[in-house]
Structures are given as C-alpha cells and as structure tokens.
Amino acid sequence: MNEQLKLGLPKGSLQEATLALFKKAGWNVSVSGRSYFPGIDDDTITCALCRAQEMAINVENGTLDVGLTGLDWIGEYESDVQVVTDLVYSKVSAKPARWVVAVAYDSPVQTLEDLRGKTVSTELVGVTKRFFADRGIDVKVKFSWGATEAKVVSGLADAIVEITETESTIKAHGLRVIHELMQTNTQLIANREAWADPAKREKIEEMAMLLKGALVAGQLVGLKMNVSEADAARVVAMLPSLHAPTVAHLYKSDWLSVETVVDSSAVRDLIPRLLKEGAEGIIEYPLNKVIHK
C-alpha cells in the first residue's frame with residue numbers, strides 16, 4: 001500500500017475500550033498528553049482522535065479513510081459511508097447501547113402520543129425528529145449541549161432522548177423510560193473512495209477480521225485437561241467446541257490431553273462437572289483472537 005491508511009479512533013467515552021480492543025487485535029496505539037494524533041506500531045497506518053459524533057462526517061468527506069463510530073451518529077447525519085462490520089462493544093459492556101425516551105418519574109406522560117405538543121431535549125436531534133415525524137407525533141426537539149437528564153428536572157424539557165447502557169444515570173435523576181428509540185453499537189466504517197482502492201480495502205478488511213476476532217475471543221476461554229482413556233468418552237461428550245475437542249495421547253501413557261474452547265460464562269458450572277467425570281489438571285486460559293473464515 002503506497003499511501004498510509006488514515007484511521008479515526010473515537011475520542012471520549014469509547015476511547016479506552018477502543019484502544020484496548022486494538023491492542024488485543026495486535027496493534028499498540030499510544031496516546032500522549034493532549035495530542036490528537038496517537039502513535040501506532042504499524043507504518044501503513046496513521047491515527048487521529050475524533051469525537052464519535054463527528055467520525056462519520058470525516059470519513060464521508062475523506063479526511064479519514066476508516067473510523068469507528070456508533071450506528072446512531074451515522075444515522076444522525078445520514079452519512080454516505082461504507083459500513084464494514086459491526087463491532088459490539090462499549091465503555092461498560094459487550095452489549096449494544098440504547099437510545100431511550102425518558103420522562104420525570106411522576107410525569108403524567110405514559111406513551112409517546114402523550115408527548116404531542118411537548119418539548120424533547122436530546123443530542124441526537126436528527127434521528128429524534130425523524131422518529132417522531134414518522135409516527136405523526138408533533139413535538140419540539142431541542143438540542144442539548146450535555147447534562148441532558150437534568151433538562152427534565154429543571155423544567156427545560158418535558159422529555160429527553162438519551163443514550164444508556166444500564167439506565168442507572170437515568171434512574172438516579174428521577175426519570176423513567178417510556179420507550180426505546182433505537183439500539184446502537186460501534187461500526188467500523190470506510191470512506192467510499194478508500195473502499196474502492198484495492199490496497200486500502202484489503203487493509204481495512206484485515207483490520208475488521210482481527211478486531212472481530214478479538215471481540216469473539218473476549219467471550220471465550222480455552223480449557224485444557226488430562227483424562228484417562230477410560231473416562232475420555234464421557235468427558236469429551238460434555239465439551240462444547242468450535243468443531244470438536246483436540247485429543248492427544250500423553251507420552252508413554254494411557255492418559256489423554258484434551259483441549260477445547262468454550263463460552264466463558266459456562267466455565268463456572270462446567271469445571272466441577274468435568275472433575276466429577278474424571279478430568280484432572282484442568283487449565284483455563286484467556287484467548288486474544290478467534291478467527292473464523
């Protein structure tokens with residue numbers, strides 16, 4: 001690739017989670033001080049930090065070749081970009097975030113229709129306007145510069161449209177959710193011209209593969225154990241795997257080494273059962289990447 005790939009990384013709440021994901025995928029990105037141009041240990045890539053809200057605009061106009069932003073901000077500006085892949089992660093969890101409509105806990109508003117003629121405050125103005133217009137509900141949508149939850153409490157709005165992962169902040173402000181407007185998660189997006197360039201597209205597709213592999217690996221662990229030949233059939237039958245467990249004879253022994261990959265949420269219950277069926281020396285280890293064709 002003759003020209004370096006210009007990569008946009010989200011600045012703000014997603015920054016640390018994104019840098020950790022890139023590290024797991026194989027890239028070390030270093031952010032120094034207040035610089036907006038992190039270093040990266042790949043001489044085919046240059047990096048720039050950019051607010052997620054502005055990422056799709058900068059990718060669309062070619063300032064950046066590729067970047068990471070939410071489905072919500074692509075929709076907000078109706079950006080003409082190539083969505084390369086979904087990357088479901090966030091600052092808190094591995095679940096999509098939600099944009100919700102919320103009102104004061106003691107508000108008489110129970111449904112979206114009850115907001116007719118009222119004021120809604122949000123940072124996601126474009127999406128919110130289209131959402132209510134599509135349902136024929138006339139509301140006044142005002143842009144919020146931040147502290148959106150406080151707008152209802154202070155009487156500046158009748159309702160808010162705000163993003164949440166756990167609803168803890170919304171509840172802490174004495175609000176209740178009346179409707180889920182949309183779910184959003186991080187997307188890897190590319191500029192149309194960069195996507196049409198064979199060399200850049202190959203690099204972007206490799207990046208997508210490794211990032212997705214790192215995310216998949218975050219939900220899995222490796223398990224390795226020793227099992228006697230007499231117990232092997234029962235133990236192997238208990239083990240989920242991508243295809244089938246790997247089984248190999250130990251040197252000059254009638255014992256076997258069994259190795260597999262399992263969902264991390266299943267390990268707590270699985271290991272005691274394996275021990276009861278004769279498995280010994282069980283080792284659990286983390287995975288960096290799991291790549292599927």
Side-chain angles (χ1 to χ4, degrees), residues 1-12 14-31 36-91 94-97 183-220 222 242-243 261 286-293:
M1 188 167 63
N2 295 327
E3 187 181 346
Q4 287 181 304
L5 189 73
K6 295 173 288 187
L7 167 64
L9 299 169
K11 181 176 177 61
L14 268 182
Q15 181 174 323
E16 291 307 314
T18 302
L19 297 185
L21 177 61
F22 268 81
K23 183 176 180 63
K24 196 168 183 180
W27 286 280
N28 289 305
V29 181
S30 56
V31 179
Y36 280 81
F37 302 98
I40 186 169
D41 60 345
D42 186 332
D43 58 12
T44 67
I45 299 174
T46 60
C47 294
L49 290 175
C50 175
R51 284 179 60 83
Q53 292 90 328
E54 301 170 331
M55 187 73 74
I57 297 171
N58 287 323
V59 170
E60 181 179 11
N61 66 25
T63 302
L64 299 167
D65 294 319
V66 62
L68 295 94
T69 190
L71 182 64
D72 45 2
W73 297 113
I74 300 171
E76 174 69 2
Y77 301 107
E78 299 180 293
S79 300
D80 181 21
V81 294
Q82 174 68 42
V83 175
V84 180
T85 191
D86 276 330
L87 297 170
V88 183
Y89 74 98
S90 68
K91 62 182 179 180
K95 297 179 181 179
Q183 290 192 0
T184 182
N185 58 274
T186 307
Q187 314 268 299
L188 183 68
I189 59 174
N191 171 266
R192 295 286 184 187
E193 290 186 17
W195 189 247
D197 181 310
K200 287 188 175 181
R201 178 167 178 165
E202 182 178 9
K203 184 70 176 181
I204 293 167
E205 288 179 330
E206 289 174 356
M207 182 180 293
M209 175 186 67
L210 293 170
L211 290 171
K212 284 186 75 71
L215 283 176
V216 171
Q219 308 300 312
L220 302 171
L242 296 177
H243 294 292
V261 172
L287 305 173
N288 269 342
K289 290 179 281 293
V290 176
I291 307 296
H292 297 277
K293 267 195 171 183

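It should be emphasised that the depicted structure is a prediction, and the values quoted were computed from it without experimental measurement. What's counted below: heavy atoms across the whole structure, side chains too, no hydrogens, waters or symmetry copies.
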> Does the side-chain contact (heavy atoms from CB on, under 4.5 Å) test come out yes or no for Val84 and Met207, once each step is laid out?
Replying inline: CA-CA 10 Å; Val84 180; Met207 182 180 293; over 6 Å; no
[X] side-chain N/O to [Y] backbone N/O, donor-acceptor pair under 3.5 Å:
X	Y	result
Lys6	Gly62	yes
Thr184	Ala97	no
Asn191	Asp65	no
Thr85	Leu188	no
Lys212	Leu87	no

> Do Asp42 and Lys203 pass the side-chain contact (heavy atoms from CB on, under 4.5 Å) test, and can you show the C-alpha distance, the side-chain angles, and the key distance before you say yes or no?
Replying inline: CA-CA 11 Å; Asp42 186 332; Lys203 184 70 176 181; 2.8 Å; yes
[atom1] of [X] to [atom2] of [Y]: how many Å apart, nearest 0.5 Å?
X	Y	atom1	atom2	answer
Arg192	Asp80	CZ	CG	4.5 Å
Thr18	Lys23	OG1	NZ	15.0 Å
Gln219	Leu287	CD	CG	11.0 Å
Met55	Ile74	CE	CD1	10.5 Å
Ile40	Phe22	CD1	CZ	6.5 Å
Arg51	Lys11	CZ	NZ	9.5 Å

>> Set out, in order, the CA-CA distance, both residues' side-chain angles and the distance that settles side-chain contact (heavy atoms from CB on, under 4.5 Å) for Leu14 and Thr186, then state yes or no.
In response: CA-CA 9 Å; Leu14 268 182; Thr186 307; 3.7 Å; yes
Of all heavy-atom pairs between [X] and [Y], which one has the smallest distance, and what is that distance?
X	Y	answer
Ala52	Trp73	O-CB, 3.8 Å
Leu64	Ala48	CD2-CB, 4.2 Å
Lys289	Leu210	CD-CD2, 3.8 Å
Ile57	Ser79	N-OG, 4.2 Å
Ile291	Met209	CD1-O, 3.7 Å
Leu9	Cys47	CD1-SG, 4.1 Å

> Is the number of heavy atoms from other residues, nucleotides or ligands within 6.0 Å of CG (Asp41) greater than 12?
Replying inline: yes
> Residues two or more places apart in sequence or in another chain: which of them pass salt bridge (charged side-chain N to carboxylate O under 4.0 Å, His left out) with Glu78?
Replying inline: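 Per chain and number, Glu78 pairs via salt bridge (charged side-chain N to carboxylate O under 4.0 Å, His left out) with Arg130.
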>> Using the side chain to side chain donor-acceptor pair (under 3.5 Å) criterion, which residues pair with Gln187? Sequence neighbours excluded.
In response: Asp86
> Is there a side-chain contact between Pro96 and Val88, using heavy atoms and a 4.5 Å cut-off?
Replying inline: yes
> Below 4.0 angstrom, N of the basic side chain to O of the carboxylate: do Glu193 and Lys200 qualify?
Replying inline: no
> Step by step, would you call Leu21 with Leu215 a side-chain contact (heavy atoms from CB on, under 4.5 Å)?
Replying inline: CA-CA 7 Å; Leu21 177 61; Leu215 283 176; 3.7 Å; yes
